[in-house]
Amino acid sequence: MAAELTAHQLIAKHRPTLDQALETIRTRAYWSPHPEHPKAYGENGSLSLPEGKAAFDALQGTRFDLDQPGTDDWVGGEVSPYGPELGITYPHPDIDTLLPAMRAGMRAWRDAGAEMRAVVCLEILSRISARTHEFAHAVMHTSGQAFMMAFQAGGPHAQDRGLEAVAYAYVEQSRTPDAAEWTKPQGKRDPIALNKRFTPVARGISLMIGCNTFPTWNGYPGLFASLATGNPVLVKPHPRAVLPLALTVRVAREVLADAGFDPNLVCLAVERPDEGIAKTLAVRPEIKLIDYTGSTSFGDWLEANARQAQVYTEKAGVNTVVVESTDNYKGMLANLAFSLSLYSGQMCTTPQNLLIPRDGISTDAGAKSYDDVVADLAASVDGLLGDDARANGILGALVNPDVKSRLEAAAGLGEVALPSREIANPDFPDAVVRTPVIVKLDGAKPDAEAAYLSECFGPVSFAVAVDSATDAVELLRRTVRDKGAMTVGAYTTSEEITAAVEETCLEECAQLSLNLTGGVYVNQTAAFSDFHGSGGNPAANAALCDGAFVANRFRVVEIRKDA
């Protein structure tokens with residue numbers, strides 16, 4: 001296969017970006033090579049907003065051919081949460097043909113070395129970045145995110161997470177030198193001398209199981225961590241969110257071919273309705289790595305049954321915020337209101353339980369009772385979402401009917417402090433758009449406990465009255481230990497409560513945000529600086545992204561001989 005991109009060209013183009021990524025994961029400072037603003041695109045080969053929309057429109061109603069081996073059928077059926085059917089069909093795999101074909105290119109990919117694999121991955125990300133507007137529409141119409149969120153989270157932020165994974169992969173592979181001369185003195189006798197060579201060797205085919213809500217943001221870390229460490233990657237998208245990952249696979253295959261590698265190092269596996277192909281693939285002996293984001297039940301099944309594979313899961317948890325006191329009451333309410341509303345609460349990091357002492361809290365605006373805090377938060381959400389156009393831009397659309405059912409059922413669990421309301425989207429009249437519901441619960445009542453200690457994914461939050469701040473911290477501890485949490489928040493001006501919350505999160509291994517009142521929210525994390533999940537509580541067994549996320553995707557094989 002003749003390479004159109006040489007190693008020299010790729011290294012010259014992408015090594016500076018890789019070096020900056022390596023430095024940034026060391027310093028944890030802010031940096032991103034991928035512009036967050038839509039107007040930054042449209043030059044130097046990147047698609048403008050109208051061009052990206054046109055590219056997305058042109059895909060609808062077509063057959064998405066990837067020219068990958070083992071295609072035995074064409075399947076599809078994606079319907080946008082905003083209403084339209086996409087009408088795209090994708091290759092369905094004959095697994096017995098596809099998996100051996102994916103392994104065929106492993107030797108050349110291994111022998112290319114860690115640096116070459118890294119810069120090829122960066123070329124893939126660069127070409128994806130140039131098509132960010134096209135990807136944004138694909139994410140919007142499969143996840144239900146509003147356009148700006150789909151653009152940012154599905155575009156530059158996802159690309160940052162992919163690059164972050166490549167950087168960590170490079171660090172771990174380059175920790176051991178390629179070769180070493182080893183000499184052991186033997187006193188009066190001649191020394192023993194050996195030449196040693198060390199090669200990172202991939203585990204095997206990596207299965208990336210995509211999610212419905214954040215197909216690229218949650219998918220790219222595992223995909224690029226595995227590819228950069230030498231593993232072929234089979235991408236199994238969520239059946240409602242195929243297109244963003246299908247586009248990713250297409251770009252990856254084009255770059256691999258241009259660089260002289262087998263494009264079958266990255267392939268797509270789309271399933272027939274109710275086929276459950278992920279379960280079939282997960283236990284195949286060829287599958288040595290699995291990355292999964294989704295429900296706890298299937299994540300637990302993977303961990304228990306995919307014994308031949310190293311499994312990385314992000315499942316579900318009960319995210320909790322302790323509200324004890326604040327010196328910026330207005331800022332606290334505004335910050336929480338946005339956190340509860342963003343993407344209709346359909347984020348694994350959205351707060352669910354707000355633990356508030358029943359005797360109230362102290363604030364810069366005076367003492368506030370439990371009822372005051374809940375009513376003021378409800379009013380803040382109402383104010384944020386009072387204008388329908390603004391609300392549509394924040395909420396997006398409900399991703400599936402299950403979310404709508406949970407939202408409707410939540411109103412029957414307790415006293416409703418903020419009822420959900422329906423919002424019309426004039427551009428997409430079939431979109432299901434709902435504002436959040438806030439339900440008041442008494443933390444001391446056993447029937448309430450069953451509600452707030454279960455994850456209720458979507459725009460549902462519980463204002464849980466507790467006896468004291470100390471009780472809030474203990475309930476936080478029990479929640480994280482038993483149910484897991486992707487995020488924990490706390491508002492307190494007390495050094496004692498601050499220390500107690502911090503120690504709880506350190507002991508139970510949960511990521512904590514304290515006293516956020518500005519433009520950073522508990523449900524947002526930044527690549528290169530913030531860790532998404534910890535891998536240390538039941539919500540996830542891995543963190544995006546750290547050394548542990550990549551180091552076990554390869555092993556080092558040593559070959560030694562007499563000097």
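Annotation: side chain of Val233 is not in contact with side chain of Phe224 (no heavy-atom distance under 4.5 Å). Between Arg358 and Asp442 there is a side-chain heavy-atom pair separated by less than 4.5 Å. No side-chain heavy atom of Val437 sits under 4.5 Å from any side-chain heavy atom of Pro419. Contact of the Ile361 side chain with the Ile356 side chain is registered, since non-hydrogen atoms from C-beta on lie closer than 4.5 Å. Side chains of Val374 and Asp372 form no contact here, defined as non-hydrogen atoms less than 4.5 Å apart. At a threshold of 4.5 Å between non-hydrogen side-chain atoms, the residues Val480 and Thr504 do not count as touching. A heavy-atom distance below 4.5 Å is found between the side chains of Arg434 and Leu398. Residues Arg477 and Glu507 form a side-chain contact, since some pair of their non-hydrogen atoms from C-beta on lies under 4.5 Å apart.
Using a 3.5 Å distance cut-off with no hydrogens or angles, the side chains of Glu474 and Thr470 do not pair a donor with an acceptor. In this structure, a donor-acceptor pair under 3.5 Å is present between the side chains of Asn231 and Thr229. Side-chain atoms of Ser325 and Thr493 include a donor-acceptor pair closer than 3.5 Å. A donor and an acceptor atom, one from each side chain of Asp471 and Ser468, are located under 3.5 Å apart. Side-chain atoms of Ser32 and Asp160 form a donor-acceptor pair, as typed in the model, at a separation below 3.5 Å. For the residue pair Gln159/Thr132, the side-chain donor-acceptor check at 3.5 Å is satisfied.
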Walk me through it: do Arg161 and Thr525 pass the test side-chain hydrogen bond (donor to acceptor under 3.5 Å, both in side chains)?
-> CA-CA 10 Å; Arg161 282 294 185 195; Thr525 59; 2.9 Å; yes
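In this structure, Asn305 contributes its side chain and Trp301 its backbone to a donor-acceptor pair below 3.5 Å. Without hydrogens or angle criteria, Gln346 side chain to Tyr343 main chain gives a donor-acceptor distance under 3.5 Å. The main-chain N or O of Leu475 is found under 3.5 Å from a side-chain atom of Thr479 such that the two form a donor-acceptor pair. A donor-acceptor pair under 3.5 Å links the side-chain atoms of Glu271 to the main chain of Gly276, judged by distance alone. With hydrogens and angles ignored, the 3.5 Å screen pairs no side-chain donor or acceptor of Tyr312 with any backbone N or O of Leu289. Between the side chain of Gln173 and the main chain of Ala169, a donor-acceptor pair closer than 3.5 Å is present.
Aromatic pair Phe428/His141: ring centres closer than 6.0 Å. Between Tyr521 and Phe338, the gap from one ring centroid to the other is short of 6.0 Å. Under the 6.0 Å cut-off for aromatic ring centres, Tyr292 and Phe298 qualify, their centroids lying closer than that. Taking the six-membered ring wherever Trp is involved, the centroid distance between the rings of Phe147 and His137 falls below 6.0 Å.
Closest non-hydrogen pair, Phe462 versus Cys456, comes out as CE1-CB, 4.4 Å. Among all heavy-atom pairs drawn from Pro81 and Val399, the shortest one is CG-O, 4.2 Å. Glu78 approaches Val242 most closely through the heavy-atom pair OE2-N, 2.7 Å.
Residues satisfying the salt bridge (Lys or Arg N to Asp or Glu O under 4.0 Å) criterion with Asp364, sequence neighbours excluded, are absent altogether. For His157, the side chain to side chain contact (heavy atoms under 4.5 Å, CB included) criterion is met by Glu36, Gln152, Trp217, not counting sequence neighbours. Under the side chain to side chain contact (heavy atoms under 4.5 Å, CB included) criterion, Lys288 pairs with Arg203, sequence neighbours left out. By the side chain to side chain contact (heavy atoms under 4.5 Å, CB included) test, Ser513 pairs with Leu516, Val522, sequence neighbours left out. For Arg26, the side chain to side chain contact (heavy atoms under 4.5 Å, CB included) partners two or more places apart in sequence, or in a different chain, are Glu23.
The residues Glu455 and Lys483 are annotated as not salt-bridged, no charged nitrogen and carboxylate oxygen being separated by less than 4.0 angstrom. A salt bridge between Glu449 and Arg478 is present, with a side-chain N of the basic residue lying under 4.0 Å from a carboxylate O of the acidic one. Using a cut-off of 4.0 Å between Lys/Arg side-chain N and Asp/Glu carboxylate O, Arg553 and Asp291 are scored as salt-bridged.
Phe531 carries Arg28 over the face of its six-membered ring, with the cationic atom under 6.0 Å from the centre and within 45° of the normal.
Distance check, rounded to the nearest 0.5 Å: OG1 of Thr517 to OH of Tyr329 gives 14.5 Å. Atoms CD1 and OG, on Ile394 and Ser341 in that order, are 6.5 Å from each other to the nearest 0.5 Å.
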Do any side-chain atoms of residues 317-324 form donor-acceptor pairs under 3.5 angstrom with protein atoms, and if so which ones, sequence neighbours left out?
unit_1, atom_1, unit_2, atom_2, d
Asn319, OD1, Met486, N, 2.8
Asn319, OD1, Thr487, N, 3.0
Asn319, ND2, Cys348, O, 2.8
Asn319, ND2, Thr350, O, 3.0
Thr320, OG1, Val318, O, 3.2
Glu324, OE1, Thr492, OG1, 2.6

